[in-house]
Amino acid sequence: QRDLDPFVAARVERSRTAHALLEANDLFSQGRATEARAELARRQSELALSAPRAVARAAALPPGTAGAPRDIGGDFGDQESALAHAQAGLGAAASASPAGAPAAASPAAKSALKSNQASATDLAF
């Protein structure tokens with residue numbers, strides 16, 4: 001994505017982050033909490049690599065370009081926050097689940113899954 005416009009790159013990354021949130025929800029709902037959290041961690045790592053490049057490209061835009069670089073940095077910050085919140089929520093839900101009970105059935109899990117769904121929807125638009 002080195003050649004992508006920073007605004008396009010941010011939009012592509014938002015879509016990838018939304019997809020990762022939904023994939024993590026699906027995995028967690030299937031009782032695969034470790035895999036769900038690994039999906040979120042993978043996405044966090046990818047985002048940590050792509051964000052600085054996009055912000056740097058935005059900073060190199062001509063002065064007065066609408067939204068650069070604050071909007072790009074803020075956009076990536078929002079994605080990072082959504083992923084961190086999802087990690088914390090799914091981790092807490094898995095920890096709070098009684099032994100032998102499906103983690104996705106707990107109130108904490110339902111809340112985390114709903115929050116992740118809302119974040120994914122917000123990022124997708």
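Only heavy atoms go into these numbers, but all of them, side chains included; no hydrogens, no water, no symmetry mates.
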query = With distance as the sole test, does Arg11 use its side chain to make a donor-acceptor pair with the main-chain N or O of Ala124 at under 3.5 Å?
reply = yes
task = Output the distance between atom CD (Gln44) and atom CD (Gln87), rounded to the nearest 0.5 Å.
result = 5.0 Å
Residue list, side chain to side chain contact (heavy atoms under 4.5 Å, CB included) with Leu22, at least two apart or on another chain = Gln117, Ala120
task = Look up atom CG in Asn116 and atom CG in Leu40, then write down how far apart they are to the nearest 0.5 Å.
result = 7.0 Å
remark   = Note: Pro6 and Leu61 closest approach over all heavy atoms is CG-CD1, 3.9 Å
query = Of all heavy-atom pairs between Arg42 and Ala20, which one has the smallest distance, and what is that distance?
reply = NH2-CB, 4.4 Å
note = Looking only at heavy atoms, the pair that brings Phe28 and Ala109 closest together is CE2-CB, 3.6 Å
query = Which is it for Ser115 and His85 under the side-chain hydrogen bond (donor to acceptor under 3.5 Å, both in side chains) test, yes or no, and what are the steps along the way?
reply = CA-CA 9 Å; Ser115 177; His85 182 76; 3.1 Å; yes
request  = Salt-bridge test for Glu39 and Arg43: reply yes if a basic N is under 4.0 Å from a carboxylate O, no otherwise.
outcome  = no
ask   = Roughly how far, to the nearest 0.5 Å, is the CZ atom of Phe76 from the OG1 atom of Thr17?
value = 8.0 Å
query = Honestly curious: do Leu27 and Leu21 fall in one hydrophobic cluster under the side-chain, below-4.5 Å linking rule?
reply = no
task = Return yes if some donor-acceptor pair links the side-chain N/O of Ser95 with the main-chain N/O of Gly91 below 3.5 Å, else return no.
result = yes
query = Within the distance-only criterion (no hydrogens, no angle test), does the side chain of Gln79 pair as donor or acceptor with the backbone N or O of Leu47 below 3.5 angstrom?
reply = no
message = Can you tell me how far apart CG (Leu49) and CD (Glu13) are? Round to the nearest 0.5 Å.
response = 9.5 Å
note = In this structure, CG of Leu123 is separated from CG of Leu83 (nearest 0.5 Å) by 8.0 Å
query = For the residue pair Ser106 and Ala93, what are the closest heavy atoms and their distance?
reply = OG-O, 4.2 Å
task = Mark yes or no for whether Asn25, through its side chain, and Leu113, through its backbone, hold a donor-acceptor pair below 3.5 Å.
result = yes
inquiry  = So, using salt bridge (Lys or Arg N to Asp or Glu O under 4.0 Å) as the criterion, who are the partners of Arg14 when residues are at least two apart?
reply    = Asp75
